[in-house]
Amino acid sequence: MAETILKVSNIETYYGPIMAIRGVSLEVEEGQMVTVLGANGAGKTTILKTISGVMDPQKGSVTFEGREIQKRDPDWVMRQGIAHVPEGREVFPFLSVRENLMMGAFTRTDRSGVDDDLELVFGYFPVLKERADQRAGNLSGGEQQMLAISRALMSRPRMMLLDEPSLGLSPRLVGEIFGIIRRLNEEQGMTMLLVEQNANMALKTAHHGYVLEVGRIVMEDSCARLMEKEDIQEFYLGVKDEGARGKRRWKKKKLWR
Amino acid sequence: MLINGIAVGCIYGMIALGFVLIYKATEAVNFAQGDIMMLGAFAAFSIIALLGFNYWVGLFGAILIMAVFGYALEALLLRPVIGQPQFAIVMLTIGLGFIFRTVAGAIWGHDPSAFYTPFTGKVSSFGPVVIAQENLAIIIGTALLCLVLYLFFTRTRLGVAMQASSQNQLAAYYMGIPVKRVFSLIWAISAGVAAVAGVLLSPLTLIDPGTMGFFGIKAFAAAVLGGFGSIPGALVGGILIGLVEQFAGRYLPAGFQETSAYLVLLLVLVLKPSGLFGQMAQKKV
Ligand SMILES: Nc1ncnc2c1ncn2[C@@H]1O[C@H](COP(=O)(O)OP(=O)(O)O)[C@@H](O)[C@H]1O
Ligand SMILES: [Mg+2]
């Protein structure tokens, strides 16, 4: 069995008095792709921000490669080897695509390694090579997502955190981006923690999954088994075959009586 | 007269540049910018007139001293206030301006001082045109400074990281950029630029705590005219204010020269608050 690279233990994170994460634990093994599924507002982004040091947990710990990293500054966490692809892409709008990528490699001093990685990234996302000298703000949403992923790769991280890469993209683009995410995991052995609302794509792509509801993990299993579960199909995959629907109506009726 | 206006305008432009750099990065307006320029001029005065070093030592010494001063100012006083309402930062910088003036008066006296520069009282002639060297020094100095800053912000890793931190602070953190240190460095650069402005201005106006503070307010008008947030805008705004002042002094009744900058500021705020270069795209924070 592969080694655990990231271990989140029982974290509680607050926005002022509001408890957004209510004791979450999860583990990611080296080379694995783990997903956290949850509806809007479930706390997915907050978990990632707690890992990368943007938010400090009130309780609990985050351990990366055997070292506690909670409550540190985000630039320090990043230098430990965790790259964060934030929700909403967050590219630098007035910098060129190439400059954005070089910012991803800000902490590195090995120039030839950086050049190699630039070529690697352009290999995965040829459209970024075509647009290398354009301002990132002028890219389409899908291209910006590709840039955000590439920028994170440029730090040559030990693991990546991906926050809803499917957000606001067309199904075709979502398919394309998840294809590349899977390839990065398989070909580069990149360890990934992916949080998503798009359960369908995430479960098809990742190995292991957690289901998050209002700040708590309510279910955990391999993605293959999660996909088989009835309530996952019903609430996250939107399976609409007659049987499931009929049952749901029946349940509601029973509740009302 | 035209040259005079451009030269003084360059000074406004350099101070306005400091306003804009700090504003773009931290969304704070540093109203002490003019007073920092005064301190820079006094630093040079100390090095040249009191310690007896030559002009160039004074210039670069003043830049260095003020850069360190700006860095420390941000790291020690401003950073704790970040996250407080804008108002708190504005009050803090205005207060700092007062303190700087008082302290400068206590150290160097309130009487105007001056130091020798290689340009004082000399002229250069280009065919029929005769230009005072102190003006020429300001214009060339500003151009060189802009070139250096431009190359720094576009060609160096740290410079691009400063742009990145201004554009998206959170993402800059995710890239491992030490954003706090970058903001301190931006204050250092602004203070260094103010020092250059102060030293170049010294042959034109005597250094005293009172007058140099006014330059800050006029430079603020220049920054607003330029669209507050645009670096070329700050320079163009500065030069325009410098010219307006000169021509107002010549063609309008007495008193207009001194107030014309404020009139321009009011007009811009009423007619086109976004300034001349104010198409800055929406900034994400
Ligand atoms: N800046 C904030 N201030 C207060 N509450 C917030 C803030 N950001 C998120 N929350 C709350 O925290 C909870 C989790 O949010 P988030 O982690 O963004 O969810 P998700 O990424 O799963 O959509 C939500 O209930 C949300 O309302
Ligand atoms: Mg989210």
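Chain letters run A, B, ... following the sequence lines, proteins first and then strands; every chain starts at 1.
- Contacts between A/M103 and chain B at a heavy-atom distance below 4.5 Å involve backbone atoms as well as side-chain atoms.
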Apply the test side-chain contact (heavy atoms from CB on, under 4.5 Å) to residues B/Q163 and A/L95: give CA-CA distance (whole Å), side-chain angles for both, the deciding distance (0.1 Å), then the verdict. CA-CA 8 Å; B/Q163 287 192 61; A/L95 296 185; 3.5 Å; yes
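- Counted within 6.0 Å of OH on B/Y150, heavy atoms from surrounding residues, nucleotides or ligands total 12 or fewer; the atom is thus considered open.
- Counting heavy-atom neighbours within 6.0 Å of A/R79 CZ, excluding the residue itself, gives a total above 12.
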Go through it in stages, so that I can follow the logic: the residues are B/Y174 and A/V85, the test is side-chain contact (heavy atoms from CB on, under 4.5 Å), and I'd like the CA-CA distance, side-chain angles, deciding distance and then a yes or no. CA-CA 8 Å; B/Y174 287 146; A/V85 182; over 6 Å; no
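- Within the 4.5 angstrom heavy-atom criterion, only side-chain atoms of A/D73, from C-beta onward, approach chain B.
- Within a 6.0 Å radius of CZ in B/F87, no more than 12 heavy atoms belonging to other residues, nucleotides or ligands are found.
- Between A/D75 and B/K180 there is no salt bridge, since no side-chain N of the basic residue sits under 4.0 Å from a carboxylate O of the acidic one.
- Counting non-hydrogen atoms of other residues, nucleotides and ligands closer than 6.0 Å to CZ of B/F60 gives a total of 12 or fewer.
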Determine whether A/F106 and B/R157 satisfy the following criterion, side-chain contact (heavy atoms from CB on, under 4.5 Å), listing intermediate values before the conclusion. CA-CA 7 Å; A/F106 179 81; B/R157 199 166 64 120; 4.1 Å; yes
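- No side-chain donor-acceptor contact under 3.5 Å links A/E90 to the backbone of B/N168.
- Distance check, rounded to the nearest 0.5 Å: CG of B/L170 to NE2 of A/H84 gives 7.5 Å.
- With a 4.5 angstrom heavy-atom cutoff, A/A105 touches chain B only via backbone atoms.
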Between A/R151 and B/M175, is a side-chain contact (heavy atoms from CB on, under 4.5 Å) present by the stated rule, with each step listed? CA-CA 8 Å; A/R151 190 178 60 175; B/M175 300 302 107; 3.3 Å; yes
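- With a 4.5 angstrom heavy-atom cutoff, A/T107 touches chain B via backbone and side-chain atoms both.
- Put simply, CD on A/E99 and OG1 on B/T154 are 8.0 Å apart, with the number rounded to the nearest 0.5 Å.
- Residue A/R135 does not touch chain B at all, counting heavy-atom pairs closer than 4.5 Å.
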